[in-house]
Amino acid sequence: MAEAADFQGTPSPARRWLRRTGALLAAAPLLAALMQLPTAAPAQAAGSNAVSVALDSLSPSAPTDGDTLTVSGTVTNNGKQAVTDARVDLRVGSLLSTRSAIDTAARQSDELQSGLGTEIGGKYSENFDSLAPGVAEHFSISVPVDKLDLGQDGVYPFGVTLSGKTSAQQWDQVLGIQQTFLPWQSSEADTKTRTTYLWPLISTVHMTAKTGAGELQTPVFLNDDLAKEISPGGRLAQMLALGKDLDVTWVLDPDLLASVDAMTRGYRIQGAGDTTTVGTHQAVAKQFLADLQSAVADKEVVALPFADPDLASLAHNGTTVTGSLSHLKDATDVAATTVETVLHVTPNTDFAWPVNGAVDPSIIKVATSAGADKVIARSDSLQETGGLSYTPSAARPIGGGTTAVVADARLSTAFEGDLTQADAATLAVQRFLAQSLALNTQTDEQRSIVVAPQRTPSASQAQAMATAITALQDSNWSQPQDLTAAAKDKPDPGATTKIPSSSAYPSSLRRQELPRTAFEQIARTQDKLDNFQVILSNQSRVVTPFGRAINREMSTSWRGRGTEADSFRTGVESWLDDLIGQVKLIDKSETKLSGRSATIPVTVQNNLVQGVDHLVLRLTSTMPTRLEIGGKPYYEQRVEVSGGHSQSVKFSTSANANGRVEVTAQLYTEDGQEYGSPVRFDVKVTEVTPTVMLVIGGGVLLLVLAGFRMYTHRKRTATRQAEDGDGPDPAGEDAPDTPEDEGPESTAGPGNPDTRGDRLPEESGHRSGADEPEQPSDPTPDTAPESADPSGTGERVDR
């Protein structure tokens, strides 16, 4: 009974042809009358925008014998008039024999003029009494695939149409259509395509060069966007959840792993100015890494160089800047270590992946310079020129021991664009499967095909990709294969191996490249880092975060984000400058130097957490004929300063003449490179001349002789008094001599002035010089070298 009903509801093709021919003959007079009306619009033109048809799902995507196909979606009346007697029908077109035919059909998927195919009809339709303007109606139709009258295996156009009437056009007509593709492989294919699908887990740059001062060096992130991506429902979390059940080759950026791993131990988020806030998603990061370790445990993992460097930008704009290629080598070397440490798997690092698989000779040269011997290209760059009637295998030897693994462009770009709407995702999945099946039917030779999608698929794109891969794995014409195996497959002898010229590189991609100025800034930052690290006692605290930051400055993720890229590079260099500035000389004011020799202190300050060493402090006199330092025009001393401390370094100086002398203090690394800014200050020399020194020396000698004369005179007086029997003067030795002892010269008065001052010291007694000013003493010792006090304003350095 059911079979009879199905037969009645689904007339044979011959019966449908007779029915439609009769309907056309009956409508001929009406059509002739309508042709005479100048204002009458063609039915197709009027109906092309009247109703939109959205195909939200088609299951199974690749049906086989015995399956029931379920089609669901919505129809929306976009016109101003209600559509009456509306009906949703399914239609099947003629077999598409080439891949280009599929492309053409895809471009015309919603055009009524593209051909409607054969209506299935009968009960395999859905009716609506009326579609009001602006109203969307849902439909769902299920039909056994044996009712579709499919013939040989291959790709068929499959459409959903809405027919009906409007008040302006009172006859049944097709008002809207949406066509897709139905891949039909009724049984196992004799030869299956080996398909490799790359599953990229790549993000943008998130970590800065800044770290905390503690032992753990807490990292600072640009923002908390990575936490959103790895949280449940986030883009990367969804890619991980979808990919773990797929037979794919994982392509990972080690920077992503390093960033998530850093989050597990605590992190901070950069704020305005120098402020930071605490990151709070440690648990999310730990869970993401645990899930990723489980997902890739038995899968092939390909590690890109750290931070996914932009190979094309480097090839076109960076190779002329010294040191640029060394960064690529460094990024490649650290990639395997990072993946092994975080995921506990050994990755393959033999592959380079230029943006969109676009290559030219310079890109190939750069891509292989760091050790990769396989370059993932794409067939719209490395195009076939040999006139092959089929798509060749991916592997192509291009010379020098390098293999180009050419991904299929149609399959690789199938899921680009906005796929947030269900109908767009469904169309993308069906087109992908159609191209895959059409490729398999081209020849009986088995081939290896690689699919390299966009680097950072959105969540909706990833969902569509996963749907397509699942259908492909369940299909009768494809089998999965990892990337390494595809690269080793025997290449087609007729496939092109000639790399396109640089002029063929797409201008749209070239406009997005990092400019030469970016690589010049990177080189400048590296030079500063090289000069800084030699003085550090623990170089890894600085070299590691800044080395990885420099890798991030070359990331492919900066394409199309020039302003953000400039800001990141400037931030890295500024932070390094700030750290370098923490080791510096303290400014000095004018120094006053009296005497022939003295020491001048110069203070080195280290505000870093770690100690610094391998530094040399040089003090230079601009006028060595007036002021020498260490007996030479300049003198150097090695400097070693603990973290958070200052060290005062003493320099011995000698003056040869009076006057002002400019002195320069400059730090150097042990290899002779200047470090930091110099400190210049004046030394004011007030030297004592040799003549004055002789006068002072003579005065001192006279004082000594006078004292000796006084002492001997008193002793003689005391001896005479003792011989005469007189006792000593009650006043003692400090009493003045009597006039009798002094003789007549001692009598003084207004008429007889005292002339003792004209006498020699031997004759003047012990009072000679007693009331004269005291002469300068001998020079005192130099300032103690152990004094560490910094010099103040207008300091005076005594001898």
Side-chain angles (χ1 to χ4, degrees), residues 196-205 239 243 248-257 299-316 318 325 327-329 331-336 338-339 347-382 394-396 398 402-409 411-413 415-416 448-457 465 482-487 499-500 505-506 509 512-514 551-552 554-560:
T196 300
Y197 205 106
L198 306 186
W199 196 255
L201 212 61
I202 301 171
S203 186
T204 57
V205 172
M239 287 205 67
V248 294
T249 293
W250 292 79
V251 180
L252 306 179
D253 176 7
D255 181 32
L256 171 63
L257 303 182
K299 303 290 179 63
E300 182 183 37
V301 175
V302 171
L304 300 175
F306 192 93
D308 187 21
D310 191 336
L311 301 177
S313 294
L314 183 56
H316 296 154
L325 286 178
H327 298 305
L328 177 60
K329 181 64 168 61
T332 301
D333 292 342
V334 77
T338 303
V339 175
N348 189 324
T349 57
D350 295 338
F351 292 88
W353 189 13
V355 175
N356 289 3
V359 294
D360 62 23
S362 65
I363 295 175
I364 295 294
K365 184 177 180 180
V366 165
T368 57
S369 65
D373 58 3
K374 303 174 184 67
V375 181
I376 302 172
R378 207 166 71 182
S379 61
D380 53 352
S381 177
L382 196 64
R396 320 282 174 83
I398 57 176
T402 303
T403 299
V405 182
V406 183
D408 186 80
L411 298 178
S412 298
T413 59
F415 300 102
E416 295 180 354
S448 296
I449 301 300
V450 172
V451 183
Q454 59 272 34
R455 267 176 156 74
T456 54
M465 288 161 51
D482 62 38
L483 183 60
T484 300
I499 303 299
Y505 190 80
L509 293 180
Q512 294 181 340
E513 292 176 350
L514 295 172
N551 292 147
R552 295 181 183 109
M554 299 170 59
S555 175
T556 300
S557 67
W558 296 121
R559 280 190 168 250

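With hydrogens and angles ignored, the 3.5 Å screen pairs a side-chain donor or acceptor of T249 with a backbone N or O of L483. The closest donor-acceptor contact from the side chain of Q454 to the backbone of F415 lies under 3.5 Å. Within the 3.5 Å criterion, the main-chain N or O of Q512 finds no donor-acceptor partner in the side chain of W558.
Not a single side chain to side chain donor-acceptor pair (under 3.5 Å) links E416 to another residue, sequence neighbours left out. For the ring pair (Phe, Tyr, Trp, His ring centres under 6.0 Å) test, no residue two or more places apart in sequence or in another chain qualifies with F351. Not counting sequence neighbours, the partners of D253 by the side-chain contact (heavy atoms from CB on, under 4.5 Å) test are I202, D255, D308. Residues that satisfy the side-chain contact (heavy atoms from CB on, under 4.5 Å) test with D380, not counting sequence neighbours, are R378, A409. With sequence neighbours excluded, the residues satisfying side-chain contact (heavy atoms from CB on, under 4.5 Å) with A331 are P305, F306, N551. Every residue two or more places apart in sequence or in another chain that forms a salt bridge (charged side-chain N to carboxylate O under 4.0 Å, His left out) with R559 is listed here: D310, E513. The salt bridge (charged side-chain N to carboxylate O under 4.0 Å, His left out) check on K329 picks up D333, with sequence neighbours excluded. Partners of D360 according to the side chain to side chain donor-acceptor pair (under 3.5 Å) rule, which considers only residues two or more places apart in sequence or in another chain, are H316, S362. D482 pairs by the salt bridge (charged side-chain N to carboxylate O under 4.0 Å, His left out) definition with nothing, not counting sequence neighbours. Residues forming a side chain to side chain donor-acceptor pair (under 3.5 Å) with S381 (at least two apart in sequence, or on another chain): none. Annotation: side chain to side chain donor-acceptor pair (under 3.5 Å) contacts of S555 (sequence neighbours excluded): S557.
Between V251 and L304 there is a side-chain heavy-atom pair separated by less than 4.5 Å. A heavy-atom distance below 4.5 Å is found between the side chains of L311 and L328. Taking 4.5 Å as the limit, every side-chain heavy atom of V375 sits out of range of all side-chain heavy atoms of T403. Between P200 and W353, the closest side-chain pair of non-hydrogen atoms falls below 4.5 Å. Between L252 and V302, the closest side-chain pair of non-hydrogen atoms is not below 4.5 Å. Taking the side chain as every heavy atom from C-beta outward, L256 and L201 approach each other to under 4.5 Å. At least one side-chain heavy atom of N356 sits under 4.5 Å from a side-chain heavy atom of L509.
The nearest pair of heavy atoms linking P500 to L382 is CD-CD1, 3.7 Å. Closest of all the heavy-atom pairs between N348 and D350 is OD1-N, 2.8 Å. Residues I363 and V359 share a closest heavy-atom pair of CD1-CA, 4.1 Å. The minimum heavy-atom distance between Y505 and A312, with the atom names listed, is OH-CB, 3.3 Å. Considering every non-hydrogen atom in both A486 and A395, the closest pair reads O-CB, 3.7 Å. In terms of heavy-atom proximity, P254 sits nearest to V339 at CG-CG2, 4.2 Å.
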| said: Assess the residue pair L198 and V451 against the criterion (side chain to side chain contact (heavy atoms under 4.5 Å, CB included)); give the C-alpha distance rounded to whole Å, side-chain angles, the decisive distance to 0.1 Å, and a yes or no. | reply: CA-CA 6 Å; L198 306 186; V451 183; over 6 Å; no
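The OG atom of S203 sits 11.0 Å away from atom CE of M239, with the distance rounded to the nearest 0.5 Å. Rounding to the nearest 0.5 Å places OG1 of T484 at 3.5 Å from CD of E300. In this structure, I499 CD1 and R396 CZ are separated by 10.0 Å, a value rounded to the nearest 0.5 Å.
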Could you tabulate the donor-acceptor pairs under 3.5 Å formed by side-chain atoms of residues 364-374, not counting sequence neighbours?
{"unit_1": "T368", "atom_1": "OG1", "unit_2": "I364", "atom_2": "O", "d": "2.9"}
{"unit_1": "T368", "atom_1": "OG1", "unit_2": "K365", "atom_2": "O", "d": "3.3"}
{"unit_1": "S369", "atom_1": "OG", "unit_2": "V366", "atom_2": "O", "d": "2.6"}

